[in-house]
Amino acid sequence: MTVVTRFAPSPTGFLHIGGARTALFNWLFSRHHGGTFRLRIEDTDAKRSTPEAIEGILDGLGWLELDWDGDTVFQSRNAARHAAIAEQLLASGNAYRCFCTPDELAQMRTEARAQGRTRLYDGRWRDRDPAEAPAGISPVVRVKMPLQGQTVIQDLVQGEVTVANQQLDDFILLRADGSPTYMLSVVVDDHDMAITHVIRGDDHLNNAFRQLHLYQACGWDIPDFAHIPLIHGSDGAKLSKRHGALGVDAYRDMGYLPEALRNYLLRLGWSHGDEEIIDTPQAIAWFDLDSVGRAAARMDFTKLESLNAHYIRQADRDRLIELIRPQLERSLGHPIDDPGLERLNKGLDGLRQRTKTLLELAESALIYCRHGPLPISPAAAKLLDPDATAHLKRLSIPLRALAPWNEQNLESLLREYCEQSDIKFGKIAQPLRAALTGTTKSPGIFEVMNILGRDEVLRRLSMVTGETEPGFFPGR
RNA sequence: GUCCCCUUCGUCUAGUGGCCUAGGACAUCGGCCUCUCACGCCGAAAACAGGGGUUCGACUCCCCUAGGGGACGCCA
């Protein structure tokens, strides 16, 4: 049997982190088994579905690089088919029309709640003659659920789950306006799409019992179910905007790499021994459902960040530069020029070593791409006291003559200078860093000087020493 | 309220009755490296929710309690 999975989001909002993980698990499972992964937009609620949300979900999946097979299915387009199945069920006696008014239902609900019952609809039209129907009420269609016994699901993640059939009420298949409900639509579509494994959030576990009977009423094969635990916020409570119920686009904007997010999401609720860094090919090779945990997990940005730092260090250089380019140029206020790009290329490895997000990387790249006056941070300014400035002034003379300009020679020159002046190396390295980068943290100072090049180094030094470099005008 | 699910370090987790004086990762705290910040390396602190069983032996199996989560729509 070929595995067919699906991701079936409802387009009522963006693709959030929980949905992303569900999509990932479905994708991984199908890829692992050489099966098919399909996408279905559950837009049966026209009132709440928006084109923007659909767009957002597609974008999110695209960014995460979770590709799906075949066409995207829009559930709403299958409404006629869903309704036809309901009619069939009506004909076969597995469903019936219910003429209850919303008021009646509301009353039933309060009563049921007060009496501590889960089943709220009392089935009053289940065996009643439709001839008794009150005038002016368009009925809904309800499915008949078993009255006695129990229903057992062998969930691939949760194990055996049992519920008493008395808990299951006759849910609605067709609304008063004849439109199909989610319960009906999922079952019909999953069957029509030949879905073999329904992998979805834990919040659907209760639905599975109802759906199981619907499958049976239709005489269809029942797919395997796998209900994966939900993701909670960092405080253990339900995910809120504050801690992660963001669209995946927000993660992109925060400077995370899709492969980092995938790795993070994968390890949230799934494990393969002690493995932590798992790239996607490896994940496909290893992924299975019985290693999925049963407990809800909390979103932990710190861990995501550390994974992200890892993938930034692995990433292709050109790709990284393209990724940070928009932000970089925004901060710069102008496009990166060729010398800037060249320096960035050389300096990227040094920079990426000390950043956790693309945002930080773009920020740190400024030291190589900026022209004009360099903003000096307060901490850096503190380093540039008169004493230090005097050293820098003195240093620029041998610097001007240094040949060839490379890390090794820069190091010998600086070390020699310190020795002759009888000062510790840090005494000169830190002011240099401050003058050259405007900050107190940067890659190694020889690396920075080497990449910046003689002219730029002298230019930046002159800006803090107050000396005008012949031929150079601050501000360019 | 009712039903369903869950419960190992702060967090993600390993653990499928003896390999556990409970392992790894992130975070934290020390140290080394060192021109800063990182990286890297070394080390420390840190958990089986509680109570009953079952068993020669329970983190592992069963029950209860507590806590957490989910569901209870003519939403999906």
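Please read these numbers as outputs of a predicted model, since none were measured by experiment. Every chain is numbered from 1 and lettered A, B, ... according to where its sequence line falls, protein lines coming before strand lines.
Taking the ring centroids of A/W270 and A/F287, they lie under the 6.0 Å cut-off. Checked against the 6.0 Å centroid criterion, the rings of A/F171 and A/F209 do not qualify as a close aromatic pair. A/F225 has its ring centre no less than 6.0 Å from the ring centre of A/H204.
Between A/P398 and A/L413 the shortest heavy-atom distance is O-CD1, 3.8 Å.
If you check every strand for non-hydrogen atoms under 4.0 Å, A/T162 touches sugar and phosphate atoms only. When heavy atoms are screened at a 4.0 angstrom cut-off, A/P443 is found touching base atoms of the nucleic acid. The residue A/V140 sits close to a base: some heavy atom pair falls under 4.0 Å. No contact: A/C98 has no heavy atom under 4.0 Å from any strand. Base contact: A/R113 has a heavy atom under 4.0 Å from a base atom. Counting any heavy atom pair closer than 4.0 Å across all strands shown, A/T302 reaches sugar-phosphate atoms only and no base atom. Nucleic acid contact for A/H204: base, since at least one base atom lies under 4.0 Å from a heavy atom of the residue.
Judged by distance alone with a 3.5 Å cut-off, no donor-acceptor contact links the side chain of A/D300 to the base of B/A27. Contact annotation: side chain of A/D274 to base of B/G23, donor-acceptor pair present below 3.5 Å. In terms of polar N and O atoms assigned as donor or acceptor, the side chain of A/R354 never comes within less than 3.5 Å of the base of B/C39 in a complementary pairing. Put simply, the side chain of A/K303 and the base of B/A27 share no donor and acceptor less than 3.5 Å apart.
Near-neighbour residues of RNA chain B inside residues 166-174 of chain A, defined by a heavy atom below 4.0 Å, number-ordered: A/Q167, A/I172.
Taking only side-chain nitrogens and oxygens, A/T44 comes nearer than 4.0 Å to OP1 or OP2 of B/A76. Contact annotation: A/R175 reaches the phosphate of B/A76 (side-chain N/O to OP1 or OP2, under 4.0 Å).
Pairing partner, B/U54: none, since no Watson-Crick or wobble contact has both distances short of 3.5 Å. The partner of B/C37 cannot be assigned: no Watson-Crick or G-U wobble pair with both contacts below 3.5 Å exists in any strand. Using Watson-Crick or G-U wobble geometry with both donor-acceptor distances under 3.5 Å, B/G10 finds its partner in B/C26.
B/C12 and B/G69 are spaced 14 Å apart, taking the P atom of each and rounding to whole Å. Across the C1' atoms, B/C20 and B/C39 are found 33 Å apart, a figure rounded to whole Å. Remark: the separation of the P atoms in B/U13 and B/A46 is 23 Å, to the nearest Å.
Residues A/R354 and A/S364 have side chains that never bring a donor and an acceptor to within less than 3.5 angstrom of each other.
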